[in-house]
Every structure is written in C-alpha cells, then in structure tokens.
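Written below as structure tokens is the structure these notes are about.
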Amino acid sequence: MATKKVIIDTLPTIKKKKLNITKAFVLGTFNYKTDSTFVKVNSEYSAKPLYLKSEVNDAFINMYNAAKQDGIFLVILSGTRNFNEQKAIWERKWNAYSNLKPLHRAQKILEYSSMPSSSRHHWGTDLDLNNLSNSYFSTEKGKALYNWLNSNAHRFGFYQVYTNKKNGRTGYNLEKWHWSYLPLAKPYLEFYNANINVDDINGFKGFETAKDLRIIENYVNGISQAAKNYN
C-alpha cells in the first residue's frame, strides 16, 4: 500500500510543477554541484559519488525500496554529467579511434556515448543501473533485475529510453541499464527541441560531424516509443 501512495501522491505533483529550464541547463554547461535543485546521492544507492535532480533522487529511493522488498538490489553507476565530464568521455574515445575517418569515428563513439551538449545525463534525470553490458542482463541475476524494472520502473516514473531498434528507433544502441525519469526528462526534451539547434553543439573534438549525423533528430530524439508517448 505504501508504494501505491507514492505513485498517486508524488508523480502528478511533479508533472504539474513549473520548471525553470535554460539553454545552459539542457546543454550541460552549468555546475550541478552548486545547483540547489540537485542533491548528492547517498552512498547506499550508488557505486561512486554522484548527483541527481532532487525529485529523481526521491523517486529512485522509492523504487529502490520497492525492488529490495522483492529481492532486487539496484545500484546507480552513473547519474548527472555536465558538458566537461561528457567532453572528457567523448574525447578519450575520439583519440582511441584515431584510425577512423571523422564521421566513422563519431559514429563509433555514438553507439553508446553522447556528444557533449546532447546527453540526457546533463539533466540529472537519467541513471545507469547495475551493469554497463547488455550481456549481464541475460544472466540469471541480470535477467531478474531487468524483468523487475520492465514490470515496475514505470510506476516510479522511470523508463528505458534506448530499447532495441526493431521498430525503427534511431540513435544509440540498446542500453538495458539506462533508465530515464520522464516526469522531468520529457519537458526538458521538449525545451531542448524548441530552443537548441545543431550550432549549439560545439567545443569538443569532432563536433563538426554533428550536422551530418543529424545529432538532434537521430540521437537526442532517438528514444523508445513508450518514452515518446509518455504524458
């Protein structure tokens, strides 16, 4: 009964809340550690020090407790990353694939990693859970975890945004570990689409490929149908 109360009382309140969204925020060019709307996640729930939007943190704790009651133990591997943190990941991989031509180089990185200023991890709404390999979720333990999330995560506002591409989804490859808190992420994406264009994505190695790759159309918006239909 306690879980139902959280779902009924909390999520609709968050959906109706007026959000103060800026271009700097959705592009990741801000300091989340000094932003009062972000909180540091308790070490009980994460594998390393990380931050989330406070509403997302609260929703995750509710989901964590419900999962624990069912014998499922969730751990956050990655949360918020700003522009500079995403840039470090991107450029490390850019340098690693130096044998490829620029467009193919970017495509290789984009199988699983976003260009800076195009990542949902900038928003503090998206989590990487338990393991960063799809094969893990085919093991007995991983399958139980993934089945629980598929059956229950949406009750707490979390959805898998990078599903398989059988139905024509574009962008990143399947990521069974990546879950997004849509009560906040959906309006953030709507703001992004209304206010950001490809010229705003710059300041890192290989940013020139963003236009040819149609980063916003194919990757920022390359999410599951369930996420697109969420309201």
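FYI, the numbering just counts along the sequence from 1. Values reported hereafter were calculated over all heavy atoms of this structure, with side chains retained and with hydrogens, waters and symmetry mates removed.
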Would you mind writing out the side-chain donor-acceptor pairs for residues 97-110 within the sub-3.5 Å range, not counting sequence neighbours?
{"unit_1": "Arg105", "atom_1": "NE", "unit_2": "Trp94", "atom_2": "O", "d": "2.8"}
{"unit_1": "Arg105", "atom_1": "NE", "unit_2": "Tyr97", "atom_2": "O", "d": "3.3"}
{"unit_1": "Arg105", "atom_1": "NH2", "unit_2": "Trp94", "atom_2": "O", "d": "3.0"}

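- In this model, a donor atom of one side chain and an acceptor atom of the other lie less than 3.5 Å apart for Trp148 and Asp70.
- With hydrogens and angles disregarded, a donor-acceptor distance shorter than 3.5 Å links the side chain of Thr22 to the backbone of Phe25.
- Of the inter-residue distances, the one linking Glu217 atom CD with Asn193 atom CG reads 9.0 Å to the nearest 0.5 angstrom.
- Between the Arg120 side chain and the Thr125 main chain, no donor and acceptor come within less than 3.5 Å of each other.
- Side chain of Asp200 to backbone of Asn197: a donor-acceptor contact under 3.5 angstrom is found.
- One hydrophobic cluster, built from ILVMFWY side chains closer than 4.5 Å, holds both Val220 and Ile196.
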Take Asn95 and Lys205 through the test side chain to side chain contact (heavy atoms under 4.5 Å, CB included) and record every step on the way to the result. CA-CA 9 Å; Asn95 293 334; Lys205 294 179 180 178; 3.2 Å; yes
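- Annotation: side chain of Thr37 is not in contact with side chain of Asn20 (no heavy-atom distance under 4.5 Å).
- The line from CD of Glu175 to OH of Tyr112 is 7.5 Å long, rounded to the nearest 0.5 Å.
- Under 3.5 Å, the side chains of Lys93 and Ser113 contain a donor-acceptor pair of N or O atoms.
- Residues Ile216 and Asn221 have side chains in contact (heavy-atom distance under 4.5 Å, counting atoms from C-beta outward).
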Check: residues 76-85 side-chain donor-acceptor pairs under 3.5 Å, at least two apart:
{"unit_1": "Ser78", "atom_1": "OG", "unit_2": "Arg81", "atom_2": "NH1", "d": "2.6"}
{"unit_1": "Thr80", "atom_1": "OG1", "unit_2": "Tyr51", "atom_2": "O", "d": "2.7"}
{"unit_1": "Arg81", "atom_1": "NE", "unit_2": "Gln86", "atom_2": "OE1", "d": "2.9"}
{"unit_1": "Arg81", "atom_1": "NH2", "unit_2": "Gln86", "atom_2": "OE1", "d": "3.4"}
{"unit_1": "Asn82", "atom_1": "OD1", "unit_2": "Asn84", "atom_2": "N", "d": "3.2"}
{"unit_1": "Asn82", "atom_1": "OD1", "unit_2": "Glu85", "atom_2": "N", "d": "2.9"}
{"unit_1": "Glu85", "atom_1": "OE1", "unit_2": "Tyr32", "atom_2": "OH", "d": "3.1"}
{"unit_1": "Glu85", "atom_1": "OE1", "unit_2": "Asn82", "atom_2": "N", "d": "2.8"}
{"unit_1": "Glu85", "atom_1": "OE2", "unit_2": "Tyr32", "atom_2": "OH", "d": "2.8"}

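- Residues Leu19 and Val26 fall within the same hydrophobic cluster, defined by Ile, Leu, Val, Met, Phe, Trp and Tyr side chains chained together at heavy-atom separations under 4.5 Å.
- No side-chain heavy atom of Asn57 sits less than 4.5 Å from a side-chain heavy atom of Lys53.
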Let me see the working for Asn152 and Ile72 under side chain to side chain contact (heavy atoms under 4.5 Å, CB included), right down to the final yes or no. CA-CA 11 Å; Asn152 297 281; Ile72 301 295; over 6 Å; no
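- Between the Asp126 side chain and the His121 main chain, no donor and acceptor come within less than 3.5 Å of each other.
- Legend: residues meeting side-chain hydrogen bond (donor to acceptor under 3.5 Å, both in side chains) with Ser114, ordered by chain and number and at least two apart, are Tyr172.
- For Tyr181 and Phe60, the ring centers are positioned 6.0 Å apart or more.
- The aromatic rings of Tyr45 and Tyr64 sit perpendicular to each other, their planes meeting at more than 60°, with 30° as the lower class boundary.
- Ser224 places a side-chain N or O within 3.5 Å of a backbone atom of Gln160 that can act as its donor or acceptor partner.
- Looking at heavy atoms from C-beta onward, Tyr136 lies in side-chain contact with Lys141 at the 4.5 angstrom threshold.
- Both Tyr192 and Phe30 are members of a single hydrophobic cluster when ILVMFWY side chains are connected at heavy-atom separations under 4.5 Å.
- Lys165 places a side-chain N or O within 3.5 Å of a backbone atom of Gly171 that can act as its donor or acceptor partner.
- Asn229 and Gln225 are linked by a side-chain donor-acceptor pair at a separation below 3.5 angstrom, with hydrogens and angles left out of the test.
- The CG atom of Leu129 sits 6.0 Å away from the CG atom of Leu74 when rounded to the nearest 0.5 Å.
- Between Trp90 and Met115, the closest side-chain pair of non-hydrogen atoms falls below 4.5 Å.
- Pro116 places a side-chain heavy atom less than 4.5 Å from the side chain of Phe204.
- Rounding to the nearest 0.5 Å gives a distance of 9.0 Å between CG of Asn134 and CG of Asn131.
- Remark: the backbone N or O of Ser133 is not paired with any side-chain donor or acceptor of Trp177 at under 3.5 angstrom.
- Contact annotation: the side chain of Tyr219 never approaches that of Thr170 to less than 4.5 Å [non-hydrogen atoms, C-beta and beyond].
- Between the side chain of His122 and the main chain of Ser117, a donor-acceptor pair closer than 3.5 Å is present.
- Residues Phe207 and Val198 do not share a hydrophobic cluster, defined by chaining ILVMFWY side chains whose heavy atoms lie under 4.5 Å apart.
- In this pair, Trp123 and Tyr188 present their aromatic rings perpendicular. The plane angle is above 60°, beyond the 30 to 60° band.
- The CG atom of Leu127 sits 10.5 Å away from atom CH2 of Trp179, with the distance rounded to the nearest 0.5 Å.
- Taking 4.5 Å as the limit, every side-chain heavy atom of Asp58 sits out of range of all side-chain heavy atoms of Val39.
- A cation-pi geometry, defined here as NZ or CZ lying under 6.0 Å from the six-membered ring centre and within 45° of its normal, holds between Lys176 and Tyr146.
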